[in-house]
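Presented below is the structure to which this report refers.
In each ligand, atom 1 is the first atom listed, and ligand 1 is the first ligand listed. As a basis for the values below, the full set of heavy atoms in this structure was taken, side chains included, without hydrogen atoms, waters or symmetry mates.
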Amino acid sequence: MLIRRPADILPSEITPREVYLNRRQWMTAAAGLALAAGLPGSLGAAPLPAAKSPLSATDEKLTSREDITTYNNFYEFGTDKASPAAKAHTLRTSPWTVKVDGLVAKPADYALEDLLKPVTLEERIYRMRCVEGWSMVIPWVGFPLADLIRRVEPLGSAKYVAFETAYRPDEMPGTDTFFPVLDWPYVEGLRMDEAMHPLTILAVGLYGETLPNQNGAPIRLVVPWKYGFKGIKSIVRISFVEKQPETSWNKQAPDEYGFYANVNPSVDHPRWSQATERRIGEGGLFAKRRPTLLFNGYADQVAQLYAGMDLKKFY
Ligand SMILES: Nc1nc2c(c(=O)[nH]1)N[C@H]1C(S)=C(S)[C@@H](COP(=O)(O)O)O[C@H]1N2
Ligand SMILES: [Mo]
């Protein structure tokens, strides 16, 4: 069994990995790696059996694995960009259960393995943009959230999907503070049509391997036309609800962060412009900023979801 750690992967090998392990082998490999590495409860970085997705945008240069895994936002492990990489190893990502509940015909507590069993993992290269004006191009490994939604059969009354991150103060040093930075657990939400859109995925890996903890292991949301904070990490609960759910950053600063959070260069954040962005890894602070695109460049695919809506009002 060939199992390598991230540090052993050469940039030249960062090509789509064909399916060379079947799912049972992957699970065994992942469990074996956790044991071998002496990381109780962690899957470590095991190769994932992912096919290349036709939805991948391959024209842009990938951000390096180093940058993607060391420049993170994950406030449960601290508020600066370096903390998640330094501290998130304490999160136990195995065993992992995702509760599916609310307005749904098949509510259940799904073991992560069972959740993944029927899905086909795909590698998808998505641009990710943070609200503070930086972006990365990340080769995610995941599957459409729509696949999971269809399996659990939401009721007609379900209009939104709500997500919740694990809240474990013992394993999350950033939550165990006298003045909490956020109202834990971290929560997010999508309208049902956004959740069903083929570009919306649940990611379990990047660069062909299981997700590092700092990027939201073992399973996180990726919505490429929205600001980064919509991409909730380390999900333990997915609920189908009738009313628009609360979202962490909207609760924290409603004037700065809306429910929709669609990338939009013409709607400024109250404290800074959203018109341009800095691509992480491109020549530091003096690199030329690039213009930010409406819906992060995915307007052709998603603009119709918001037809007739005032995007300045529904920001
Ligand atoms: N649970 C949780 N999810 C989270 C966050 C967080 O602090 N906690 N930060 C969000 C923000 S602001 C961004 S930009 C992305 C960053 O994802 P990355 O570190 O994988 O690039 O995660 C999002 N998901
Ligand atoms: Mo962000």
Begin with the C-alpha distance, continue with both residues' side-chain angles, and end with the deciding distance and a verdict on salt bridge (charged side-chain N to carboxylate O under 4.0 Å, His left out) for Lys226 and Glu194. CA-CA 10 Å; Lys226 293 179 181 281; Glu194 298 176 319; 2.7 Å; yes
Tell me if the aromatic rings of Tyr306 and Phe314 count as close, with their centers under 6.0 Å from one another. no
Side chains of Thr292 and Glu277: do they bring a donor and an acceptor to under 3.5 Å? yes
Verify whether one side chain among Glu256 and His269 offers a donor that lies under 3.5 Å from an acceptor in the other. yes
Counting only non-hydrogen atoms and a 4.0 Å cut-off, the residues near ligand 1 are Asn72, Asn73, Phe74, Tyr75, Glu76, Met128, Cys130, Thr165, Tyr186, Asn215, Arg220, Gly228, Phe229, Gly231, Ile232, Lys233
For the backbone of Arg127 and the side chain of Asn296, can you confirm whether one donor and one acceptor N or O come within less than 3.5 Å of each other? yes
Is there a salt bridge (charged side-chain N to carboxylate O under 4.0 Å, His left out) between Arg279 and Glu282 once you walk through the steps? CA-CA 6 Å; Arg279 184 60 52 82; Glu282 271 185 2; 5.2 Å; no
